[in-house]
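In what follows, every chain begins at residue 1, and chains take the letters A, B, ... in the order their sequences are listed.
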Amino acid sequence: MAALSSPLRVCRGILKELRAIQGPDYKRSLAYNYIMEQFRKNKVTGERYCRAQHESNHDSHTYLCLLASTRTHMALHELYHSKGEHSTKSAAAMVGLRLPTQPGGKGWEK
Amino acid sequence: MTTTMLRRLHSRLGRVLSPAHLCTRSQSSATAERKRFYQDVSISQGEGGLYEINLDRRKLKTPGGKLFTVPNEALAIAVATEWDAQRDTLKFYTMHLSTLCNTALDNPTQRNKDQMITAALKFLETDTVCYRVDEPNALVELQKNEWDPVLHWMEKRYDVTIGSSSSILGPEIPNATKDTFRQHLTSYNFWSLTGLEYVITQLKSVVLSMGMIDRHLTVEQAVLLSRLEEEYQIGFWGNVEWAHDYDMYELRARTAAGALFVHLASESSTVKRKLMQD
């Protein structure tokens with residue numbers, strides 16, 4: 001299928017995600033050190049098509065996809081699905097109505 | 001409606017869809033959310049070379065009460081990053097790798113490797129990629145153009161016949177094909193099979209899962225192919241962000257987690273140094 005985008009872009013993408021997760025001191029995290037180590041280790045190869053390099057490249061894409069889509073999914077959740085339903089009172093207020101009141105409360109209420 | 005759409009609709013109906021608004025949240029549901037109770041997340045290597053996750057000073061445990069252990073450092077770091085990513089409350093539904101590890105460790109459904117392989121092979125009979133529509137014509141063409149290459153790749157790579165069908169009974173998978181796959185899947189360890197089963201359930205396709213695990217497809221490609229009919233309908237009727245995008249990103253996240261889990265659980269890395277040749 002289509003060739004994967006360059007390792008540099010993936011690396012930058014992953015670091016961007018880590019920064020979004022960890023905050024300003026993301027360089028001290030475990031993930032940062034491990035990722036940088038992996039990228040450096042897999043840089044050097046004499047082969048024209050190195051299977052291990054293709055594997056690592058695919059894995060880095062997968063991890064970037066995981067981080068990015070988890071974050072986007074959470075953001076969409078917060079945006080659309082995090083708030084509950086309107087209470088009956090506010091739902092009525094949306095169309096300008098008020099809930100009926102019964103002095104003394106309804107028989108089944110307490 | 002095709003089976004794909006029925007499956008998607010079924011999963012979507014189970015979710016409560018509510019409109020975005022500016023009023024305060026109503027205290028309706030009883031889900032008491034756990035707050036983040038730890039400052040630091042770290043990993044340590046325990047006995048047997050297995051890695052553990054430490055939340056402050058406490059060792060993480062599975063829901064079944066066992067000690068949470070993973071076989072290699074990469075997976076441990078990825079899990080630790082998930083826990084570290086939590087802010088005020090713990091959102092377990094975003095911690096896919098941790099969930100997969102818990103499933104593999106606790107094995108709540110008491111499955112063994114054979115049962116999982118049998119289930120995966122059974123799924124092949126209703127594989128999304130093999131189950132084609134009759135009409136509309138544009139969708140038939142789209143399925144042919146997008147799914148046939150993957151199917152052919154799979155058939156060539158494993159030297160099997162799978163085929164596709166537009167009958168309601170689905171494709172007829174020859175036993176030789178199933179035997180070949182069974183043999184291949186038996187070489188996976190239990191953890192990898194857990195991950196594979198998860199990916200198959202998410203993508204609704206054995207072919208796409210194997211294509212992705214074998215690194216022929218990226219996660220994004222596999223998800224797109226899995227959602228082909230939905231994408232076609234979106235192209236026709238329009239995109240609804242709070243449903244379509246929401247589902248797509250969730251599917252991507254889960255599939256990526258599953259793929260990573262399979263790869264890390266079966267990983268053994270060696271560094272080969274080649275001699276410089278003058």
Side-chain angles (χ1 to χ4, degrees), chain A residues 1-5 17-18 20-23 26 29-35 37-38 41-42 44-47 50-52 54-91 93-94, chain B residues 15-29 41-43 73-74 76-78 80-82 84-85 91 93-97 149-150 153 211-212 215-221 241-243 245-246 248-257 259-260 263-264 269 271-272 274 277:
Chain A
M1 278 233 154
L4 304 171
S5 64
E17 293 297 327
L18 286 181
I21 291 177
Q22 316 263 353
Y26 69 103
S29 64
L30 285 164
Y32 177 80
N33 290 317
Y34 183 81
I35 297 285
E37 194 190 312
Q38 290 302 304
K41 249 201 308 190
N42 285 304
V44 186
T45 174
E47 327 253 339
C50 173
R51 192 163 143 218
H54 174 71
E55 284 183 4
S56 307
N57 201 9
H58 187 275
D59 286 354
S60 61
H61 269 80
T62 309
Y63 192 53
L64 174 60
C65 182
L66 172 61
L67 290 177
S69 30
T70 317
R71 196 160 64 95
T72 317
H73 173 236
M74 263 213 291
L76 284 175
H77 184 85
E78 287 302 309
L79 184 57
Y80 293 113
H81 302 295
S82 63
K83 304 181 178 91
E85 290 184 349
H86 283 280
S87 66
T88 334
K89 195 165 167 198
S90 56
M94 279 204 291
Chain B
R15 196 173 294 139
V16 173
L17 300 170
S18 51
H21 65 92
L22 301 163
C23 302
T24 54
R25 192 184 311 204
S26 70
Q27 305 295 317
S28 47
S29 64
V41 184
S42 58
I43 64 171
E73 192 190 9
I77 293 180
T81 312
E82 271 186 357
D84 208 16
K91 298 187 165 65
Y93 61 86
T94 59
M95 298 160 71
H96 304 298
L97 287 173
V150 184
W153 169 87
M212 192 186 58
R215 298 185 172 92
H216 175 70
L217 302 167
T218 64
V219 176
E220 289 91 343
Q221 286 166 342
E241 197 180 27
W242 53 258
D245 281 357
Y246 183 81
M248 185 185 77
Y249 285 111
E250 185 179 26
L251 185 60
R252 273 193 189 175
R254 285 165 179 244
T255 311
L260 203 64
H263 289 144
L264 291 179
S269 60
V271 179
K272 271 209 187 106
K274 274 172 76 171
Q277 297 192 317

Give, for atom NE2 of B/His96 and atom OG1 of A/Thr70, the distance between the pair rounded to the nearest 0.5 Å.
-> 5.0 Å
Considering non-hydrogen atoms only, spot the tightest contact between A/Met74 and B/Lys91 and give its length.
-> SD-CD, 3.6 Å
Any idea which heavy atoms bring B/Ala253 and A/Leu66 closest together, and the distance?
-> O-CD1, 3.4 Å
What part of A/Gln38 lies closer than 4.5 angstrom to a heavy atom of chain B: side chain, backbone, both or neither?
-> neither
Cut-off 4.5 Å, heavy atoms of chain A, and the answer for B/Leu97 is side chain
Straight-line distance of A/Ser69 OG to B/Met248 CE, nearest 0.5 Å | 8.5 Å
Under 4.5 Å to a heavy atom of chain B? For A/Leu18 that would be side chain
Determine the interplanar angle of the A/His73 and B/Tyr246 rings, folded into 0 to 90°, and report it as parallel if under 30°, tilted if 30 to 60°, perpendicular if over 60°.
-> tilted
Selection from B/Glu220, B/Glu82, B/Arg215 maximising heavy-atom pairs under 4.5 Å formed with chain A | B/Arg215
Work out which heavy atom in A/Leu30 is nearest to a heavy atom in B/Ala80; give both atom names and the distance.
-> CD1-CB, 4.4 Å
So B/Thr81 and A/Tyr63, side chain to side chain contact (heavy atoms under 4.5 Å, CB included) or not? Walk me through it.
-> CA-CA 12 Å; B/Thr81 312; A/Tyr63 192 53; 4.0 Å; yes
Is chain A contacted by the side chain of B/Ser42, its backbone, both, or neither, given a heavy-atom distance below 4.5 Å?
-> backbone
Using non-hydrogen atoms only, which part of A/Thr62 is less than 4.5 Å away from chain B: side chain, backbone, both, or neither?
-> both
Could you label the plane-to-plane angle of the B/Tyr93 and A/His77 rings as parallel, tilted or perpendicular, counting under 30° as parallel and over 60° as perpendicular?
-> tilted
Minimum heavy-atom distance A/His58-B/Thr218, with the two atoms named | NE2-CA, 3.8 Å
